[in-house]
Amino acid sequence: MDTIFALATAQGRAGVAVIRISGPDAVTASARLMSTVPAKRGLRKLTDTEGALIDEALVLRFDAGKSFTGEDVIELQLHGSPAVVAAMLRLLGDDGALRPAEPGEFTRRALDNGRLDLAQVEGLADLIDAETESQRKQAVRVFSGALGEIADSWRTRLVRAAALLEATIDFVDEDVPVDVVPEVRQLLSGVQQEMMREAAGVQMAERLRDGFEVAIIGAPNVGKSTLLNRLARRDVAITSEIAGTTRDVIEVRLDLGGIPVTLLDTAGLRETDDIVEGLGVARARQRAADADLRVHMLLDEAVPSHDLDAGDIYVRAKADVADTSGLAVSGLTGLGVDELVSLIGSELGRRVGTVGLAMRERHRLALERAVTYLTAVEAGLDAQHGMMDLIAEDLRSAIRAVDSLVGRVDVEQVLDEIFSSFCIGK
């Protein structure tokens, strides 16, 4: 196994820069930089091959099994000068026992050494990319191993069910229950329901990770662009009294109560002979249809020009000059804007509430694959044709699908369960 090194903090000037070294030669290579490598941590003068001082740094040592990667790791906490960092990276690169790390290689080693499972790796990636509080909380849940824990729970129950079925096939003369089907059904039913709930929440989890789209739609000159500017707290859209000013979709990324949202200012919806405006209207209708939520802005007693979907919000526009009832907003004065933001946040918050631990399309596919196999197992039990070997194989396939969630496959645990539960092989 190679020993690798890399800058673990961002490039550029900073108070502190961290360089991480991981692998079997991490300690011996580090010893060539300083007088002695500390047992745990210590302040050391770092010198080049000729003894010239490069920097004085805090050196942290993590022995194999106690580090992020599971290997011997040395972290050099240097002063964050680009010159200091460049000199140290150059010195490490000249050491024949080391090589620069590839992208994500430290995390890959953590996975290979059992420090993280595959779901935790995905959670770590999401945590690094998190921009809002909701994204951070969701990523931390997965990175902390919560998905792995629930996958272990499913696996334990499915292994138990498989052990019961295997016992009826291979160990009919041993001391095993005569009718294992009721317990198998109970185990499968609970797991299947939990998996279906998790799979159903994946789409919303992906929206939380990537951000929701909220389209502001309505007739020309109702104040959509003015409202967008008010929400963005800056002029991002051109406003004028001329109807049809907005001809393309304008996007603004915002954090609404910890939820990532992209607001879309669209062209006014109306029939027009202007070819360019017509293209803008068509694009507006399509983006509005694809958005997660639409805010319909209406004047006077007008009705929405786009079909209302569940959760959509409609407001009366230009509350500063129009006699309105119900929720009314004015992008110019800010009247009603806080109430509108609260409504949007409540609706998206309700949707986020359906998010479970499964966050990616890969998770959904694995869960649905497992549910398909479990459905086949239940159908086989209902048919009562005595094909227990085929039913057991479907159950083993379901277990492998669960294992794929966290990147682990271990069929030996089925035999372990048989021996521990039924005292087989005594």
Side-chain angles (χ1 to χ4, degrees), residues 6-12 14-18 20 60 67-69 75 77 80 103-111 115-153 194 197-214 231-234 251-264 291-293 311 338 340-364 366-367 405-407:
L7 178 65
T9 48
Q11 295 277 359
V16 175
V18 176
R20 178 184 293 171
L60 304 181
S67 68
F68 173 75
T69 62
E75 285 192 358
Q77 297 193 3
E105 190 169 2
F106 287 95
T107 304
R108 175 60 187 268
R109 292 191 176 198
L111 175 66
R115 300 294 290 176
L116 297 175
D117 62 37
L118 186 56
Q120 286 178 292
V121 170
E122 292 168 325
L124 176 58
D126 289 340
L127 182 59
I128 292 172
D129 292 336
E131 297 177 347
T132 71
E133 183 66 6
S134 294
Q135 289 174 321
R136 182 194 67 79
K137 287 181 177 178
Q138 180 66 9
V140 165
R141 290 175 67 197
V142 179
F143 177 52
S144 66
L147 182 57
E149 290 175 2
I150 194 172
D152 283 342
S153 171
E194 293 173 19
R197 274 198 307 270
E198 285 293 332
V202 169
Q203 182 179 8
M204 202 55 59
E206 288 188 319
R207 300 308 297 148
L208 175 60
R209 186 174 66 250
D210 299 334
F212 291 91
E213 285 194 348
V214 176
L231 292 170
R233 301 181 187 277
R234 56 192 174 93
E251 303 182 8
V252 176
R253 182 88 167 182
L254 297 177
D255 179 344
L256 292 185
I259 299 176
V261 173
T262 298
L263 289 175
L264 309 177
D292 300 291
L293 179 65
D338 288 343
L340 174 60
V341 170
S342 179
L343 270 179
I344 295 173
S346 295
E347 174 59 26
L348 296 182
R350 181 188 64 79
R351 300 184 190 187
V352 169
T354 66
V355 173
L357 294 169
M359 293 183 63
R360 295 174 178 267
E361 181 68 5
R362 181 185 72 82
H363 300 163
R364 184 186 68 81
L367 289 168
L405 279 173
V406 293

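Basis for what follows: all heavy atoms, side chains included, without hydrogens, waters or symmetry-related copies.
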Test side chain to side chain donor-acceptor pair (under 3.5 Å) applied to [X] - qualifying residues, sequence neighbours left out:
X      : value
Glu133 : Arg136
Gln77  : none
Thr132 : Gln135
Ser153 : Arg157

Report the residues that fulfil salt bridge (charged side-chain N to carboxylate O under 4.0 Å, His left out) with [X], sequence neighbours left out, ordered by chain and then residue number.
X      : result
Glu105 : Arg99, Arg109
Glu347 : Arg350, Arg351
Arg364 : Glu361, Glu368
Arg197 : none

Inter-residue atom distance [X].[atom1] - [Y].[atom2], 0.5 Å rounding:
X      : Y      : atom1 : atom2 : value
Ile259 : Leu208 : CD1   : CG    : 7.5 Å
Arg209 : Met204 : CZ    : CE    : 13.0 Å
Ile344 : Leu263 : CD1   : CG    : 6.5 Å
Phe106 : Leu124 : CZ    : CG    : 13.0 Å
Arg207 : Leu293 : CZ    : CG    : 11.5 Å
Glu122 : Leu111 : CD    : CG    : 10.0 Å

Does [X] have any side-chain contact (heavy atoms from CB on, under 4.5 Å) partners at least two apart in sequence or in another chain, and if so, which?
X      : answer
Ala17  : Leu7, Thr9, Val85
Ala125 : Arg360
Val341 : Leu231, Leu256, Val337

Counting C-beta onward and ignoring hydrogens, is there a side-chain heavy-atom pair between [X] and [Y] closer than 4.5 Å?
X      : Y      : answer
Leu348 : Val214 : yes
Val142 : Leu127 : no
Glu131 : Asp255 : no
Thr69  : Arg115 : no

> Got a donor-acceptor contact below 3.5 angstrom from the Glu198 side chain to the Ala358 backbone?
Replying inline: yes
>> Go through it in stages, so that I can follow the logic: the residues are Leu405 and Asp117, the test is side chain to side chain contact (heavy atoms under 4.5 Å, CB included), and I'd like the CA-CA distance, side-chain angles, deciding distance and then a yes or no.
In response: CA-CA 9 Å; Leu405 279 173; Asp117 62 37; over 6 Å; no
> Given the rule in the side chain to side chain contact (heavy atoms under 4.5 Å, CB included) test, do Gln138 and Asp126 qualify, once you have shown the distances and angles that lead to the verdict?
Replying inline: CA-CA 9 Å; Gln138 180 66 9; Asp126 289 340; over 6 Å; no
> Between Gly123 and Ala139, which heavy-atom pair has the shortest distance, and what is it?
Replying inline: O-CB, 3.7 Å
Show me the side-chain donor-acceptor pairs of residues 143-150 shorter than 3.5 Å, one per line, residues at least two apart or across chains.
residue : atom : partner : partner atom : Å
Ser144  : OG   : Val140  : O            : 3.1
Ser144  : OG   : Arg141  : O            : 2.7

